[in-house]
**Q** 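This is the structure I have questions about; it appears just below.
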Amino acid sequence: MAAFEVWLAAICTPLLSLIIWMRIKGLEYILINYRWILSCFVLMPLTVLYNVVFFVRNWIIFKLNSAPKLHDRRVADIQKQVKQWKEDGCKQPMCTSRPGWQTISPRVGLYKKTMRNIHVNLVDILEVDTKRRVMRVEPLVSMGQITAMLNPLGWTLPVLPELDDLTVGGLIMGVGIETSSHKYGLFQHTCLSYELVLADGSLVKCSKDENPDLFYTAPWSYGTLGLLVAAEIQIIPAKKYVKVDYRPAHTFEDAINTFKEEVNKKADNEFVEGLMYSDQECVIMTANQTDHADSNKINAIGNYWKPWFFKHAETCLKRGAFTEYIPLRHYYHRHTRSIFWELQDIIPFGNNPIFRYLFGWMVPPKVSLLKLTQTETIRRLYEEKQVIQDMLVPMSELGKALKCFDKELDLYPLWLCPFFLPSQPGLVHPPNNQDEMYVDIGAYGTPHREGFHFKDTTRRVEEFVRSVHGFQMLYADSYMTREEFRQMFDHSLYDKLREEFKCKKAFPEIYDKICKAARL
């Protein structure tokens with residue numbers, strides 16, 4: 001009995017102390033300063049449970065081949081909801097009912113509270129046709145689902161953005177990019193057709209040959225021309241490994257020149273990526289798929305006990321150039337476990353070997369769950385002290401852009417991802433109707449520049465991006481005026497289609513969904 005009492009005291013005393021400490025400090029103080037407690041003990045276990053249930057569900061549906069039949073029924077229900085909106089007098093614009101906290105965007109859209117919510121539960125892979133080299137999917141299918149389905153079959157997507165939770169609909173209606181984009185363009189440029197429910201409830205399919213204006217304008221339109229219900233995407237043969245060559249650069253000029261040189265080798269490099277670790281130091285990675293690998297150089301970087309990828313790549317600055325072979329799916333999701341490098345702000349010890357071995361299998365907590373548990377104070381703290389931005393600028397302006405980011409933010413690492421932007425109609429295209437190479441500069445984290453102000457600084461960066469004919473990804477905080485937004489994005493064909501499809505009452509304009517006033 002005495003032994004039991006000692007054991008009970010050993011368990012209860014620290015637990016009671018923790019409860020008293022939380023009562024004294026207050027829950028909000030704990031959530032702000034010790035958010036890792038909530039992340040480690042609540043969100044990570046919930047993430048594991050969610051992933052297991054969702055994976056099993058998707059596997060069963062695809063094996064039973066019930067998804068296409070359910071798809072038609074679900075689309076018919078969406079059409080019915082839209083027609084009911086018309087019968088009710090078109091009193092409010094429409095949007096999907098998907099909660100804002102479930103999206104990968106760092107902000108929650110306020111507009112959903114004032115609009116007619118249309119229930120869109122389309123989360124399934126419908127078909128994989130290896131003869132036509134096409135897969136047909138619903139808009140809420142994630143990149144994690146796609147790689148889990150395609151890679152074992154020996155196929156992949158030409159452009160497969162890295163984070164598991166990114167969805168097809170978000171990558172089309174917003175934007176999607178990957179380190180293969182210098183060859184294939186953005187995610188939208190690998191899509192063959194879209195199916196949308198329009199403002200009158202009709203179902204329309206569009207491609208480059210059928211309703212081409214809608215096909216070219218739907219990307220980046222943020223669901224303001226119609227509700228996306230399916231998409232056909234190209235697939236290409238996949239190999240077992242990705243051979244990755246890491247090359248350090250220790251001066252600004254060397255970083256820029258090496259990066260541009262490797263991007264121009266389209267035939268030799270399937271993937272090109274750069275990580276700027278300071279204003280002078282960069283690691284440039286080039287990669288190609290292969291079925292053959294040196295067994296001594298295989299690095300399954302996606303295993304939970306492995307170092308975070310950006311930390312692993314950083315070792316190149318000291319050890320020099322090296323080569324390794326990463327399993328294909330591990331390569332695609334190399335930034336997932338650390339959410340690029342944002343997780344280090346939530347779990348500061350997350351890359352510690354002890355933590356990785358004991359708890360790494362539960363990392364990362366789902367972004368949607370992190371957003372769901374944000375208090376008003378945390379939300380304001382993130383808005384004022386953190387930057388999450390992707391700016392797309394012409395490759396010819398990369399040097400100026402990096403100097404602008406350094407001057408305004410002093411935030412590292414910076415992600416460099418090149419992409420080919422063809423001259424096509426729509427909201428985003430190069431000036432002068434000529435194909436051009438662009439680069440995505442991704443800034444995620446806490447700026448260290450003295451005098452940083454979240455709104456004023458972002459506006460100065462936005463002004464620079466507009467001046468070089470660049471673009472801002474729509475998921476990020478935007479402080480542009482409506483006129484400035486229209487200067488950045490070509491609305492000519494978009495305005496024509498909104499008039500043609502009678503979208504004025506049915507859907508808001510893009511700006512009214514992405515401007516800062518529309519987001520919490």
Side-chain angles (χ1 to χ4, degrees), residues 71-103 105 107-123 138-140 167-170 172-174 193-206 210-231 425-427 474-475 478 481-483 485-486 489-520:
H71 173 76
D72 293 340
R73 190 187 311 165
R74 289 171 182 159
V75 171
D77 179 66
I78 293 169
Q79 292 179 275
K80 181 180 177 181
Q81 293 178 68
V82 173
K83 290 174 181 176
Q84 185 62 52
W85 166 82
K86 286 188 66 179
E87 292 177 8
D88 292 342
C90 312
K91 296 176 182 177
Q92 301 165 297
M94 292 179 288
C95 67
T96 67
S97 62
R98 188 186 186 200
W101 60 268
Q102 287 186 355
T103 67
S105 170
R107 303 291 177 239
V108 176
L110 294 173
Y111 57 85
K112 289 183 180 286
K113 296 180 180 180
T114 59
M115 294 185 186
R116 178 76 165 258
N117 284 202
I118 304 298
H119 185 61
V120 179
N121 183 31
L122 300 172
V123 296
E138 293 180 330
L140 295 182
T167 64
V168 169
I172 293 172
M173 292 300 182
S193 70
Y194 312 123
E195 297 169 45
L196 296 97
V197 173
L198 301 182
D200 62 357
S202 62
L203 178 63
V204 173
K205 184 175 182 178
C206 60
E210 182 181 2
N211 299 309
D213 285 352
L214 181 58
F215 176 72
Y216 289 119
T217 311
W220 293 79
S221 67
Y222 232 68
T224 60
L225 292 173
L227 301 171
L228 183 69
V229 294
L427 287 151
L474 300 180
Y475 79 87
S478 174
T481 64
R482 189 180 300 273
E483 292 71 26
F485 183 76
R486 282 181 164 266
F489 296 94
D490 182 358
H491 281 60
S492 54
L493 188 55
Y494 172 80
D495 289 340
K496 174 191 170 187
L497 290 180
R498 276 182 61 85
E499 184 72 26
E500 179 182 336
F501 297 140
K502 298 179 173 55
C503 294
K504 187 173 182 180
K505 289 185 177 181
F507 306 107
E509 285 195 14
I510 305 170
Y511 182 79
D512 295 316
K513 295 182 76 172
I514 65 91
C515 69
K516 191 63 187 72
R519 287 171 168 171
L520 184 63

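Along the sequence shown, residues carry numbers from 1.
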**Q** Of all the heavy-atom pairs spanning L122 and R74, show the shortest one and how long it is.
**A** CD2-CB, 3.6 Å
**Q** Look only at the side chain of N211 and the backbone of K205, and say whether a donor-acceptor pair between them is shorter than 3.5 Å.
**A** yes
**Q** What's the separation between atom CD in E509 and atom NZ in K504, rounded to the nearest 0.5 Å?
**A** 9.0 Å
**Q** Are the side chain of K513 and the backbone of S221 linked by a donor-acceptor contact shorter than 3.5 Å?
**A** no
**Q** Looking only at the side chains, is there a donor atom on one of E138 and H71 sitting less than 3.5 Å from an acceptor on the other?
**A** yes
**Q** How close do L427 and T217 get, counting heavy atoms only, and between which atoms?
**A** CD1-O, 3.9 Å
**Q** Test side chain to side chain contact (heavy atoms under 4.5 Å, CB included) on Q79 and L203 and set out the steps.
**A** CA-CA 8 Å; Q79 292 179 275; L203 178 63; 3.7 Å; yes
**Q** Identify the two heavy atoms, one from F507 and one from M94, that lie closest to each other, and give their separation to 0.1 Å.
**A** CD2-O, 3.6 Å
**Q** Can you check side chain to side chain contact (heavy atoms under 4.5 Å, CB included) on T167 and R98, steps first, answer last?
**A** CA-CA 13 Å; T167 64; R98 188 186 186 200; 4.0 Å; yes
**Q** Could you state the interatomic distance from CD1 (I510) to CZ (R498), rounded to the nearest 0.5 Å?
**A** 8.0 Å
**Q** Mind checking salt bridge (charged side-chain N to carboxylate O under 4.0 Å, His left out) for E195 and listing every partner two or more places apart, or none if nothing turns up?
**A** R136
**Q** For L474 versus M173, what's the shortest heavy-atom pair and its separation?
**A** CD1-O, 4.4 Å
**Q** Could you tell me if the side chain of P508 sits less than 4.5 Å from the side chain of Y222, heavy atoms only?
**A** no
**Q** Rounded to the nearest 0.5 Å, what separates atom OH in Y216 from atom CG in L493?
**A** 11.0 Å
**Q** Is a side-chain N or O of W85 found less than 3.5 angstrom from the main chain of G201, in a donor-acceptor match?
**A** no
**Q** Got a second to check how far R486's CZ is from D495's CG, nearest 0.5 Å?
**A** 4.0 Å
**Q** Tell me the closest heavy-atom pair linking V120 and S97, and the distance in Å.
**A** N-OG, 4.1 Å
**Q** Can you tell me how far the CZ atom of F215 sits from the OG atom of S193, to the nearest 0.5 Å?
**A** 7.5 Å
**Q** How far does CG of N117 sit from SG of C95, to the nearest 0.5 angstrom?
**A** 4.5 Å
**Q** Relative to the ring of H491, is the ring of F485 parallel (under 30°), tilted (30 to 60°) or perpendicular (over 60°)?
**A** perpendicular
**Q** Check V197, L198, L196 against V204 for a side chain to side chain contact (heavy atoms under 4.5 Å, CB included) and give me the one that passes.
**A** L198
**Q** Would you say T224 and Y494 are linked by a side-chain donor-acceptor pair, where the criterion is simply a distance under 3.5 Å?
**A** yes
**Q** Do you know the tightest heavy-atom contact between A231 and V168?
**A** CB-CG1, 4.3 Å
